[in-house]
There are 2 protein chains.
Amino acid sequence: MSPADRVPDVVIGRIPLYLRTLSQFQAQGIRITSSKELAAVLGTSADQIRKDLSHFGGFGKQGTGYHISYLVGQLKRILHADREWEVALVGAGSLGSALLNCKEINRRGFAIVAAFDRDPTRIGSQAGGVTIQDGRHIEDEIGLRNIKLAILAVPGPAAQQVADTLVASGIRGILNYSGLALRVPEEVMVQDMDPAAHLQRMTYYLG
Amino acid sequence: MSPADRVPDVVIGRIPLYLRTLSQFQAQGIRITSSKELAAVLGTSADQIRKDLSHFGGFGKQGTGYHISYLVGQLKRILHADREWEVALVGAGSLGSALLNCKEINRRGFAIVAAFDRDPTRIGSQAGGVTIQDGRHIEDEIGLRNIKLAILAVPGPAAQQVADTLVASGIRGILNYSGLALRVPEEVMVQDMDPAAHLQRMTYYLG
DNA sequence: TAGATTGTTAATCGATTAACAATC
DNA sequence: TAGATTGTTAATCGATTAACAATC
């Protein structure tokens, strides 16, 4: 398929997982792989992997498979992961701080460059190389720096209000750790990181 | 549709989100809602909500809508969220500790009743009402208590080895915060909570 | 060359959307 | 009753799976 047609979102959701596993292969010193091998590790099918990749072009060689370093480069390009993305964090409690100090997020191309909280005892303190700012400065700071991604790590009730502020600031994607459903305009993306919801998805299958 | 046929997993994934929003309605004092109203808040369609619910039976009244307290009760029953699930946590670093102290997880029916780490400075300390145990006791403790769910919050390289231990202990579902792809047997479920992967899913759509 | 594996086309399967009769 | 909304059936749409020619 040609690279120009619209790629289903479900496919977009799988590309980061392919990239993640390919990077693990790379770290293990593996240089070449096949859709079959990748599928075995990921628990999907080789057919699906080849079909997914074909939305963007041909990256392999018949009879051989894929050069991992090349494919990793291409997938990064596709996901726009070939540059560093600035991210704002709202909520510098224990969860927010853990994310601030998470090296893995950084290694994968994201830099948390601004952090906010409304608790005066936290404002002004340092964590993960940034200074926690007063939540009142969210709109100024995000607007000024033109930040497009935010991590929402405030607990419960305040989440919607903060989300509104983030949207007003120009944020286009929210990683939502609040455990609440957020109402946002259609053009703003939300990825829910809700432990209870994900656990419930599994308890359905357990007696 | 009759309650007995196989329900698609994509539907199961949405039920916790319906439940979550209905609970929010409840907290706001709203007692009755409709598929239309719910869809507006969730950003989906009324058709889809009704179709999803119909897999399990009929919970509403024509012309009226749904009694929220009744529907909440039914969805909890369907997800087996009408009882408390014991959860094991492996990795009591900053992220693991944040989860241990997360009240929201508890309110939604999950109790982290055992926590493990391999760092001697953490072993024996208290957090969120449990004592951090030596990781060597994972298999004994989980087997003994018959725990079926685990949260994996160890960083990078150790994750696969811990996952193997969890599987051997009888764990059936893993909430995976490690940021690595896990290889598990088919009968074990994994939910990936990988911030970088979820952010990349959004950066695809941003220039 | 022979074997392996890709990228793509065709066939199947499944999910979403639309429509509507039933009924509160 | 009239208006509203459900649960379900039918129609459409889209994704997955299967198959295979191309070719390394």
Side-chain angles (χ1 to χ4, degrees), chain A residues 1-15 17-18 21-22 25 30-75 78 186 201 204, chain B residues 1-15 17-18 21-22 25 30-75 78 186 201 204:
Chain A
M1 247 177 228
S2 94
D5 56 6
R6 209 182 162 284
V7 180
D9 181 62
V10 64
V11 173
I12 302 305
R14 287 191 292 256
I15 303 292
L17 305 183
Y18 299 163
T21 297
L22 288 164
F25 282 179
I30 305 171
R31 304 178 82 105
I32 289 176
T33 190
S34 66
S35 57
K36 192 176 163 190
E37 185 179 32
L38 198 49
V41 173
L42 283 159
T44 64
S45 74
D47 282 342
Q48 185 169 72
I49 291 173
R50 291 206 307 283
K51 188 80 166 84
D52 283 355
L53 295 180
S54 78
H55 284 101
F56 304 100
F59 307 114
K61 292 204 202 315
Q62 287 101 324
T64 309
Y66 302 90
H67 279 92
I68 294 176
S69 66
Y70 176 70
L71 185 53
V72 162
Q74 292 301 303
L75 296 187
I78 289 162
E186 207 180 1
R201 187 174 186 156
Y204 170 79
Chain B
M1 246 176 229
S2 93
D5 58 5
R6 206 181 165 286
V7 181
D9 181 62
V10 65
V11 174
I12 302 307
R14 287 192 291 257
I15 302 293
L17 306 183
Y18 299 164
T21 297
L22 288 164
F25 282 0
I30 305 171
R31 304 177 82 104
I32 289 176
T33 190
S34 66
S35 57
K36 192 176 163 191
E37 185 178 34
L38 199 49
V41 173
L42 283 158
T44 65
S45 73
D47 281 342
Q48 184 170 74
I49 291 174
R50 292 205 308 280
K51 189 80 167 85
D52 284 355
L53 295 179
S54 78
H55 284 100
F56 304 100
F59 306 115
K61 294 207 199 315
Q62 288 99 324
T64 309
Y66 303 90
H67 279 92
I68 293 176
S69 65
Y70 176 71
L71 184 54
V72 162
Q74 292 300 303
L75 295 187
I78 288 163
E186 206 180 0
R201 187 173 187 158
Y204 170 79

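A note on names: the letters A, B, ... follow the listed sequences, proteins ahead of strands, and every chain is numbered from 1.
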Chemist: Starting at the 5' end of nucleotides 19-24 of chain D, put B wherever the base has a protein heavy atom under 4.0 Å, S where only the sugar-phosphate does, and a dash everywhere else.
Modeler: B--BBB
Chemist: Could you state the CD-P distance from A/E37 to C/dT5, rounded to the nearest angstrom?
Modeler: 10 Å
Chemist: Can you measure from OH (A/Y18) to OG1 (A/T44) and round to the nearest 0.5 angstrom?
Modeler: 5.0 Å
Chemist: Of all the heavy-atom pairs spanning A/F56 and A/I12, show the shortest one and how long it is.
Modeler: CZ-CD1, 3.9 Å
Chemist: Could you state the CG-P distance from A/D9 to D/dT16, rounded to the nearest angstrom?
Modeler: 11 Å
Chemist: Output yes when at least one side-chain N/O atom of A/S35 is less than 4.0 Å from OP1 or OP2 of C/dT6, else no.
Modeler: yes
Chemist: What is the distance, rounded to the nearest whole Å, between atom CD1 of B/I12 and atom P of C/dA15?
Modeler: 11 Å
Chemist: Within the distance-only criterion (no hydrogens, no angle test), does the side chain of A/T64 pair as donor or acceptor with the backbone N or O of A/G60 below 3.5 angstrom?
Modeler: no
Chemist: About how many Å separate OG of A/S35 and NZ of A/K51, when rounded to the nearest 0.5 Å?
Modeler: 14.0 Å
Chemist: Got a list of protein N/O to nucleotides 10-14 of chain D N/O distances below 3.5 Å?
Modeler:
none

Chemist: What would the secondary structure line of DNA chain C be in dot-bracket form, counting Watson-Crick and G-U wobble pairs under 3.5 Å, with [ ] for pairs that cross earlier ones and | for pairs with another strand?
Modeler: ..||||||||||||||||||||||
Chemist: Run the side-chain contact (heavy atoms from CB on, under 4.5 Å) test on A/V7 and B/Y204 for me, step by step, so that the C-alpha distance in whole Å, both residues' side-chain angles and the decisive distance to 0.1 Å come before the verdict.
Modeler: CA-CA 11 Å; A/V7 180; B/Y204 170 79; 3.9 Å; yes
Chemist: Show your reasoning for whether side-chain contact (heavy atoms from CB on, under 4.5 Å) applies to B/V41 and B/F25.
Modeler: CA-CA 10 Å; B/V41 173; B/F25 282 0; 3.7 Å; yes
Chemist: In terms of side-chain heavy atoms of A/Y66, which of C/dG7, C/dT16, D/dG7 is nearest?
Modeler: C/dG7
Chemist: How far does CD1 of B/I32 sit from CD1 of B/I68, to the nearest 0.5 angstrom?
Modeler: 8.0 Å
Chemist: Quick check on DNA chain D: between B/G58 and A/V10, whose nearest nucleotide comes earlier from the 5' end?
Modeler: B/G58
Chemist: Just the rounded figure in Å: distance from C1' of D/dG7 to CG of B/L71.
Modeler: 14 Å
Chemist: Would you mind reporting whether A/R14 and A/I49 have side-chain heavy atoms less than 4.5 Å apart?
Modeler: no
Chemist: Hey, is the side chain of A/R14 poking within less than 4.0 Å of OP1 or OP2 on D/dT16, counting only N and O atoms?
Modeler: yes
Chemist: Rounded off to whole Å, could you give me the NE2-to-C1' distance for the A/H55 and D/dA15 pair?
Modeler: 9 Å
Chemist: Specify the separation, in whole Å, of atom OH of A/Y70 and atom P of C/dT6.
Modeler: 15 Å
Chemist: To the closest 0.5 Å, what do you measure between OH (B/Y70) and CG (B/L22)?
Modeler: 13.5 Å
Chemist: NZ/A/K36 to CG/A/D47 distance, rounded to the nearest 0.5 angstrom?
Modeler: 12.0 Å
Chemist: Between B/I49 (CD1) and C/dA15 (P), how many Å, whole number?
Modeler: 18 Å
Chemist: Take atom CG of A/L53 and atom C1' of C/dT8, then tell me their distance rounded to the nearest Å.
Modeler: 13 Å
Chemist: Could you measure the distance from the CD1 atom of A/I78 to the NE2 atom of A/H55? Nearest 0.5 Å is fine.
Modeler: 11.5 Å
